[in-house]
Amino acid sequence: MSTWRRAALAMLIGLCPATAAPAFDALSPSLPTNYSPPDGDTEGGLWMASRQAEEEIAHSPRRIADAALETYLRDILCRLAPEYCSQIRVYVVRTPYFNASMMPNGAMQVWSGLLIRMRDEAQLAAVLGHEIGHFLRRHSLERARDLETKTSLLTLFTLGLGGAVAAGGVAPAVAQGASGGAQLAALGSLFAFSRDHEAQADKYGVQLMAKAGYDPAQAAAVWRNLVDEQNASGEKQDGSSYFFATHPDPASRLETLGGYARELGGQQTIDAGQAHARYFAAVGAHLPGFFADELHLSQPGRSEHLFKQLLDAKFAPGVVNYCLGEVSRKRDGGKLSDAALAYYQAALGYPDAPPEAHRAIGLWKLKAKQLDEARQHFTAYLEQAPQAGDRDMIDYYLGLTEKAP
Amino acid sequence: MGIGGIGRALMLAGVLLVLGGCASTRDFSSVKKLDAATPAAATPAEPHVLQLVVMPPDVELSVLTAGGMTEPNAAWTQTAKSLLVDQLGGAEALRGKKLVRFEPPAAADPNGAVLNEIQHLHRAVGNAIVMHKLAVPLPTKKDRFDWSLGQEVAVLHDYAHADYALFIYVRDSYSSAGRIFTQIAAAALGVGLAGGQQAGFATLVDLGTGNVVWFNFLVDATGDLRDASGAADTVKNLLHGMPQ
């Protein structure tokens, strides 16, 4: 079937939800429960390397050792794969990009940049489910074995060609071409193998989240958010999202994930409101720090899109408004625009507004020679942040506000 | 996994050093003689016995596959670690010093993170020495040997009550049957393919200053850490030339 025909058919299926959806062909785990591999084989070696890496993460200064947050994530993992609950450990790492990864031995890393990009628990469950998918299907082992086979075959093939040349059966130039072709083919199939794994983990993730009672449509929503953020960034190629590099094309992925969700349907037994509250309770205390990391990346298009989304989702509105002010100010080369001022002022309307919002408005008012207001804001800043590192500077500004114009 | 920059430096240095296939070492030191980190402890009547903490060996043994990939082997690695610790306990070069075995800190130890990081730092510094002193020497490092793990080793000094710390790092690979076959096939065609190889280093750190006072790089195409006699040879080679 030609590509456009397939696309047209896909569109038709998409447009007609009444059409009987094909039955979902469920995946089953290849990893036994309570399993640990024998020390002497390939998998034993992989687990050893994983244990070392896990040890490093566990003691890393980048780890966010918040027991409540880890328990919250583990609870989701256990809801998704109850039989494997005791084999999974989770570590939150402070890295401002979207990623989560699973080691062969059941140690999972969740990056802080991912936690600020999830709108609710179901979306988080979709990503965690995807990672459990890799774990339950032992993809690391398959990849290690595949890599070994392919590099070995390649070496033997090259040697075989060498033998043929030596025996005079094949011209050296032909052999060189054949060898190059074989290397390209091996490389290509390595990547393809990885994409197959990603596609399978996607499917497994949706399957697990639907079974656990989450809305399976949220898996596609995760990718839609990322694609939107990517488009808002104005960057042509994505350099910052590690997921895009080896993962399937986001557009086709969205389509596929949406298809799975329709096939699975299912009962949404997890209360979305409660799940949202749980999610916010678990990550809320860390949000100011995570947002500050995002601001430090200096990617205004991306950050603005993200923060506006978070504002819509009513996530920490005081901090988020302040961050939008910062994005706006930085984009204008540090100048305090009216747009930035509006965000800072909006931030002060919420109890979680950071003291820095007062400082930002104070500076704006000082510049506009509205000295009384400037003084009020600087004073409020120092009251709310008595340990502020820039206290001397603010005292100097306060002095300026007292001089008669 | 796979070969990162560090692994490449180690291999490159190995290629430069290994001649004829037997064990070869290169060592550097910044002192001629070891002194106590805390001289106050020594009195003329009771000379201070140097205390040396032996850090857990940073070791990985792997299989070299036909295609040239290294695949870690957990069982061999486990054996090699305990054999190395045993052999270090009775090593000739360490005689006359009081050896302290490094015990992993308790989970609640406030210095646990630093003690762990010091071990990772040694891996990084040791590989930097291999890279910038041996493999591709930096002009600024040509005539000097001044690497250091930094002042933070004071934590290790207080934890282990030792004057010096001895770190061992070894990566050891063994040819699989498939690799041996490809080596033979390649040799028949006149191409030399590398087999399994042992590469590593021993580092002596002054816990008073953090400075690396002695560093010994070893590469050995015949070294074997899977049995006691091989481990004894490896320890002898690693500690060869250590200042007393």
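These numbers come from the heavy atoms of this one structure, side chains and all, not from hydrogens, waters or symmetry mates. Just so we're on the same page: letters track the sequence lines, and every chain starts at 1.
Considering all non-hydrogen atoms of both residues, B:Glu71 and A:Asp41 come closest at OE2-C, 4.5 Å. Between B:Val59 and A:Gln52, the shortest heavy-atom distance links the atoms O-NE2, 4.4 Å. Nearest heavy-atom pair, A:Gly44 versus B:Ala74, reported as atom, atom and distance to 0.1 Å: O-CB, 3.5 Å.
In this structure, A:Met48 and B:Glu60 have side chains that are in contact, with non-hydrogen atoms separated by less than 4.5 Å.
Both the backbone and the side chain of A:Glu56 come within contact range of chain B, each with at least one heavy atom under 4.5 Å from a heavy atom of that chain. Contacts between B:Gln119 and chain A at a heavy-atom distance below 4.5 Å are absent for every atom of the residue.
Few gaps surround CD on B:Gln183; more than 12 heavy atoms of other groups in view lie less than 6.0 Å from it. Crowding of A:Gln200 atom CD: a count of heavy atoms from other residues, nucleotides or ligands under 6.0 Å exceeding 12.
In this structure, CG on A:Leu147 lies 3.5 Å from CE on B:Met69, to the nearest 0.5 angstrom.
Here the side chain of B:Asn73 pairs no donor or acceptor atom with the backbone of A:Gly45 at under 3.5 angstrom.
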